[in-house]
J.: 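First, the structure itself, so that you have it in front of you.
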Amino acid sequence: MSSSSITFVAQSGQPLSGDIRVPGDKSMSHRSIMLGSLAEGVTEVSGFLEGEDALATLNAFRSMGVNIVGPKAGRVTIHGVGLHGLQAPQDSIYLGNSGTSIRLIAGLMAGQQFDVTMTGDASLSKRPMNRVAIPLREMGAIVETEEGGRPPLTVRGGSQLKGISYTMPMASAQVKSCVLLAGLYAEGQTRVTEPAPTRDHTERMLRGFGYDVQVNGSTVTLQGGGKLTATSIDVPSDISSAAFYMVAASIMPGSDLMLRHVGINPTRIGIINILRLMGADIELSNEREVGGEPVADIRIRGAQLKGIVIPEDQVPLAIDEFPVLFIAAACAEGQTILTGAEELRVKESDRIQVMADGLQALGVDAQPTEDGIVINPGPIGGGEIWSHGDHRIAMSFAVASLRASGAIHIHGAEHVATSFPGFVELANSVGFNLRVIEGA
Ligand code: S3P
């Protein structure tokens with residue numbers, strides 16, 4: 001995966017225009033494979049994201065004996081084996097760049113009768129796993145990590161799990177989902193309380209598969225020992241992928257861009273809320289519900305953005321969108337301040353440091369703080385950017401190039417394929433000016 005290196009040469013483009021659909025939601029694509037595999041019956045998925053991360057999850061379940069047909073044009077057919085039907089994989093499971101895969105699958109593996117070791121690429125191998133190992137051990141699982149709680153992560157089989165009441169120390173949907181998925185195999189009730197609302201796709205999709213999940217304020221509860229019943233899932237476009245185009249159209253005067261069928265789950269719409277606070281022109285239409293998830297068409301027109309103090313309650317709702325929001329801030333009028341976002345330091349890269357370094361390399365005044373950043377907008381120049389194994393860094397600087405006075409060379413852009421296959425073609429079709437150099 002992501003074997004040959006790619007550099008984007010990104011240059012100032014046109015005002016954006018077009019009517020496009022970005023690929024399927026990554027979070028939902030992962031979960032559709034996991035729950036479909038463990039359901040009884042055949043699950044049909046459409047709109048599946050054929051990016052490397054979601055494919056890593058798909059291959060993991062194939063390696064545990066699940067017959068999965070596709071993906072073909074976003075369609076996947078999963079022949080579920082039931083909660084107790086997985087088989088030991090022949091080898092360790094390689095999950096590439098994907099934190100969602102390793103953390104959610106860890107929860108499911110805690111309930112199996114066999115041992116599994118999960119590995120990843122250089123970026124994933126640096127990411128913290130104690131946040132899932134600690135609650136899983138409390139449930140009775142045997143979980144081993146490398147020093148410092150890093151992958152490879154081994155989960156031993158044969159433990160009888162017991163339900164726990166877990167209060168998460170950080171707002172993380174991956175941790176919440178890991179514990180809830182282990183809870184499917186636990187005796188009694190599993191309860192997770194979150195410090196702030198995080199994406200709730202696991203809860204919604206479990207219900208879609210007929211599993212009873214109770215939500216009371218910030219606490220989610222489920223009872224072990226039930227079953228999942230196959231269903232069909234229509235995955236909407238990923239608002240986190242749409243975000244690059246939302247910022248791009250906002251910062252390019254004269255833009256008018258339509259994004260179709262985008263997921264607007266209330267736990268994901270921080271990008272819309274924050275951009276609107278900055279003065280963006282965003283219009284939602286055709287709002288509807290598809291398979292338990294709200295969806296809309298989103299029209300964005302160019303607007304003069306202004307710098308803001310980003311409300312901390314929006315941070316978990318926009319957690320993946322900050323790299324591109326920093327580009328919006330660099331193009332705004334007045335200072336933008338972000339606080340309460342220390343989780344950004346443990347994503348695919350340290351997104352506070354890597355974005356600050358990149359913005360500074362292009363001449364923008366961006367000062368990292370422990371839990372955020374302070375950005376004073378100014379002209380964006382050309383320069384060299386390293387994306388540090390992080391797809392969202394590469395795409396964010398591609399957006400920055402729209403307003404840059406010179407070419408931006410973005411190294412390590414091969415990781416864009418983890419979440420957004422076809423990014424360059426789609427971007428160029430609406431007004432970007434991106435060139436790809438392979439093997440750079
Ligand atoms: C995800 C949760 C978030 C997000 C990631 C996907 C998920 O991670 O950053 O891209 O699908 O549950 P955290 O739970 O670590 O915040």
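We count ligands from 1, going down the list as the structure has it; atoms in each ligand are counted the same way. These numbers were taken from a predicted model, which means no experiment stands behind them.
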J.: May I have the step-by-step check of side chain to side chain donor-acceptor pair (under 3.5 Å) for Ser218 and Glu194, ending in yes or no?
T.: CA-CA 6 Å; Ser218 57; Glu194 50 188 4; over 6 Å; no
J.: For the 3.5 Å polar cut-off, considering only N or O atoms, please tell me whether Leu104 and ligand 1 meet it.
T.: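 No.
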J.: Indicate whether any N or O donor in one side chain lies under 3.5 Å from an N or O acceptor in the other, for Thr267 and Arg199.
T.: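 Judged by distance alone, the side chains do not pair up.
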J.: Would you say His30 contacts ligand 1, with heavy atoms under 4.0 Å as the rule?
T.: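 No; His30 lies far enough from ligand 1 that no heavy-atom distance drops under 4.0 Å.
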J.: For residues Ser123 and Glu348, is any side-chain donor paired with an opposing acceptor at under 3.5 Å?
T.: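 No pair is found: no donor N or O on one side chain lies under 3.5 Å from an acceptor on the other.
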J.: What's the shortest distance from atom 4 (C) of ligand 1 to any protein heavy atom, and which residue and atom give it?
T.: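 Going atom by atom, the protein heavy atom closest to atom 4 (C) of ligand 1 ends up being Asp320 OD2, 3.3 Å.
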J.: So for atom CZ, which belongs to Arg75, do other residues, nucleotides or ligands contribute more than 12 heavy atoms lying within a distance under 6.0 Å?
T.: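 It does not: Arg75 CZ has 12 such atoms or fewer within range.
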J.: Please confirm whether Lys26 comes within less than 3.5 Å of ligand 1 when only nitrogen or oxygen atoms on both sides are compared.
T.: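 There is no such contact.
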J.: Look at atom 6 (C) of ligand 1 and say which protein heavy atom is nearest, naming residue and atom and giving the distance to 0.1 Å.
T.: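 That would be Thr100 OG1, 3.4 Å.
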J.: Determine the minimum heavy-atom distance between Leu49 and Pro23, stating which atoms define it.
T.: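 Looking at all heavy atoms of both residues, the shortest contact is CD1-CB, 3.6 Å.
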J.: For atom 1 (C) of ligand 1, what's the nearest protein heavy-atom neighbour? Residue, atom name and distance, please.
T.: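 Ranked first by proximity to atom 1 (C) of ligand 1 is Gln174 NE2, 3.6 Å.
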J.: Heavy atoms only: which of Met28, Lys176, Arg31 lies closest to atom 12 (O) of ligand 1?
T.: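 The nearest heavy atom belongs to Arg31.
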J.: Return yes if a side-chain donor-acceptor contact under 3.5 Å exists between His391 and Ser419, otherwise no.
T.: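 Per modelled atom types, His391 and Ser419 side chains form a pair under 3.5 Å.
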J.: Between the side chains of Arg260 and Ser237, is a donor N or O closer than 3.5 angstrom to an acceptor N or O?
T.: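 Result is no, nothing qualifies.
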J.: Which atoms from ligand 1 have a heavy atom of Ser27 less than 4.0 Å away?
T.: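 In order of number, 6 (C), 7 (C), 11 (O).
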J.: When you measure from the heavy atoms of Lys347 to every atom of ligand 1, does any distance fall below 4.0 Å?
T.: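 It does, in that a heavy atom of Lys347 comes within the 4.0 Å cut-off of ligand 1.
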J.: Can you list the atoms of ligand 1 that are under 4.0 Å from a heavy atom of Arg199?
T.: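 That gives atoms 1 (C), 2 (C), 4 (C), 6 (C), 7 (C), 11 (O), 12 (O) of ligand 1.
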